[in-house]
Undergrad: 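Got a structure for you, written out below as structure tokens; questions coming shortly.
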Amino acid sequence: MSQTIVIFGASGDLTSRKLIPALYQLYRKNRLRETVRIVGFSRTPMSDEQWRNKLAETTQTFSGGTFTQEKWDAFSQMIHYFSGDIEKSGFDGLETYLRSLENTGSDTESHANRLYYLSTSPVFYASIAAKLGAAGMASEKEAANGTRRVIIEKPFGTNLETAKTLNTAIHQVFKERQIYRIDHYLGKETVNNVLVFRFANTMFEPVWNRNYIDNIQITANEEVTVGHRAAFYEKAGILRDMFQNHLLQILTFVLMEPPSRFEADAVRDEKVKVLRAIRAMAPEEVRTNTIRGQYRSYRDEPGVDKDSQTATYAAVRLMADNWRWKDVPIYLRSGKAMSCRTTQIVIQFKQPPHSMFQGESGKRNKTIAANRLLIQIQPAEGIQIYFQTKVPDTDMKCRETTFNFNFRQSFQGELPEAYERLLLDAMNGDASLFARSDEVEAAWEIIDPIQNTWETQLADHLSFYEAGSWGPNHAADWIRQFGQEWFDFCPLLHS
Ligand code: BG6
């Protein structure tokens, strides 16, 4: 059976920067089925040839050194373009066009599987789904055995209420098993490796709990500023842009119980349990348990309100109310315009119950650092374990040393782009790495109380930070009041 991928929002950035390069890579690696068609849908009138030429340039730019003209020429024959206006017309014309493509060549059964990729502005998601339904393009019965799946880009709603409304609208047309809500962090190899690290090894899981772990820190810092994305960012802010999706998704992998099988619902059941165990913050707790920051030049960015209260940085202290994690603080933080780009998970272990040894300085009362596990999601993908070692030629003095695992040293070649894995999984019907409706809603239930309290009650809570720093100055004192320290770490990149 052949596969048709329809990309709504074909002229958008995501299509040229991520989706087409990912599909090109899958083609180059022989991961695509024989007959795949990629149909771009957008307003701008263009011929297939014109769109292919545009994409040739961008794919070359975004595919690193792996682009060859020969491969592209072969791959680009799969690419088609259909111009249409989501706001003005239905999809009958599109359906006729798709059928005409699907009925050509040797593959005349017209049983093509379809994957609709919603990469437009989120305001169109519900109406695209409705129009697909109205044109009979969503039902797998009418499609005579072909599958009909839909990938929905983030953001999925802007709060719990809008996410529920969107879920309801999409469910009018598609069954949950047809829906793939994408979060590209779940396609990152290093994020998936958290599950392998925990559940394919026996030595870490026994200590992966409140008895041994003091706190967990998940950081996603970016050097980039908001730049030309102000129109979107002003409304979103850091909590909606990075926490509700990416950081909470990583958190579920770190905290979840082992599922019995690596299957979509088994995995997602466990993730939902984690999200539901996170204690929702009461308004009076938000001031104490969060930091809300904005980099100083943010208000000078084009399109940003001069009095903007939008957070470009946040740190949040969460608690999970379950047996494994009771009383272990989980710190999530993320910021734009930070000193370096790093996404990392720190598992900070407790101090040994009794210490006989001294640190290298030999100072009395100077505690030696407790064990720490650092999982570097990007850009220096790897894992380090920090542990104490006896300093040679001293009397039992200790120094912190590391075990180091690095993906690029242990495995050859570049790590694949997240969208490769996710597009392939969606084509193959594996939803393990996509968010389910209840999962998205549970994530909003954690974020909404914070965002709402910030907006309605805590105007004075916003603090400013210098671009190129680690966030507001008081962030260090803030975490110290809880008895912890940030592990601020800029990865060393070896070429
Ligand atoms: C996106 C956010 O979802 O993720 C961006 O909208 C952010 O603001 C990006 O820059 C980060 O993704 P990555 O893969 O570069 O870490």
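Note that ligands are numbered from 1 as they come in the structure, with each ligand's atoms numbered from 1 the same way.
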Undergrad: Do Arg480 and Trp486 form a cation-pi contact, if we require the NZ or CZ to be under 6.0 Å from the six-membered ring centre and within 45 degrees of the ring's axis?
TA: no
Undergrad: Which of the numbered atoms in ligand 1 are under 4.0 angstrom from any heavy atom belonging to Lys154?
TA: 1 (C), 2 (C), 3 (O), 6 (O)
Undergrad: Given Tyr295 and Tyr298, is the ring pair (Phe, Tyr, Trp, His ring centres under 6.0 Å) satisfied, shown in steps?
TA: CA-CA 6 Å; Tyr295 63 87; Tyr298 176 70; 5.6 Å; yes
Undergrad: Counting from 1, what ligand 1 atoms have a heavy atom of Lys188 closer than 4.0 Å?
TA: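 Every atom of ligand 1 under 4.0 Å from some heavy atom of Lys188: 13 (P), 14 (O), 16 (O).
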Undergrad: Under 3.5 Å, N or O to N or O, is Thr343 touching ligand 1 that way?
TA: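 Looking only at distances, the answer is no, because the N/O contact criterion of under 3.5 Å is not met.
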Undergrad: Under 4.0 angstrom from ligand 1, any heavy atom of Tyr233?
TA: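 No.
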Undergrad: Assess whether side chain to side chain contact (heavy atoms under 4.5 Å, CB included) is satisfied between Phe75 and Leu23, documenting all intermediate values.
TA: CA-CA 9 Å; Phe75 169 73; Leu23 289 163; 3.9 Å; yes
Undergrad: Looking at atom 16 (O) of ligand 1, what's its closest protein heavy atom, distance included?
TA: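 It is Tyr185 OH, 2.5 Å.
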Undergrad: Distance to 0.1 Å, residue and atom name: give those for the protein heavy atom nearest to atom 15 (O) of ligand 1.
TA: Arg341 NH2, 3.9 Å
Undergrad: Run the salt-bridge test on Arg268 and Asp438 with the 4.0 Å N-O cut-off and return the result as yes or no.
TA: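 Salt bridge: no.
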Undergrad: Working note: Trp478 + Tyr331, criterion ring pair (Phe, Tyr, Trp, His ring centres under 6.0 Å); need CA distance, chi angles, decisive distance, verdict.
TA: CA-CA 11 Å; Trp478 176 79; Tyr331 297 97; 5.8 Å; yes
Undergrad: Counting each atom of ligand 1 from 1 as listed, which ones have a heavy atom of Gln378 under 4.0 Å away?
TA: 13 (P), 16 (O)
Undergrad: To which protein heavy atom is atom 5 (C) of ligand 1 closest, and what is the distance rounded to 0.1 Å?
TA: Arg229 NH1, 3.4 Å
Undergrad: What protein heavy atom sits nearest atom 6 (O) of ligand 1, and how far off is it?
TA: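 The protein heavy atom lying closest is Asp241 OD1, 2.6 Å.
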Undergrad: Applying ring pair (Phe, Tyr, Trp, His ring centres under 6.0 Å) to Tyr386 and Phe487, what does each step give before you reach the verdict?
TA: CA-CA 12 Å; Tyr386 291 71; Phe487 185 62; 5.5 Å; yes
Undergrad: Looking only at protein heavy atoms, which one is nearest to atom 12 (O) of ligand 1, and how far off is it?
TA: His184 NE2, 3.1 Å
Undergrad: Could you find the nearest protein heavy atom to atom 9 (C) of ligand 1 and give me its residue, atom name and distance?
TA: Glu222 OE2, 4.0 Å
Undergrad: Check the orientation of Phe434 and Tyr180. Use parallel for under 30°, tilted for 30 to 60°, and perpendicular for over 60°.
TA: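 The arrangement is perpendicular - the two ring planes meet at more than 60°.
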Undergrad: Which of the numbered atoms in ligand 1 are under 4.0 angstrom from any heavy atom belonging to Lys336?
TA: 5 (C), 7 (C), 8 (O), 10 (O)
Undergrad: Taking atom types as modelled, find out whether Glu417 and Gln25 have a side-chain donor-acceptor pair closer than 3.5 angstrom.
TA: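 No, no side-chain donor-acceptor contact under 3.5 Å.
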Undergrad: Starting from atom 4 (O) of ligand 1, locate the nearest protein heavy atom and write down its residue, its atom name and how far away it is, to 0.1 Å.
TA: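 So the nearest neighbour among protein heavy atoms is His246 NE2, 3.4 Å.
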Undergrad: Are Arg341 and Glu222 close enough for a salt bridge, meaning some N to O gap below 4.0 Å?
TA: no
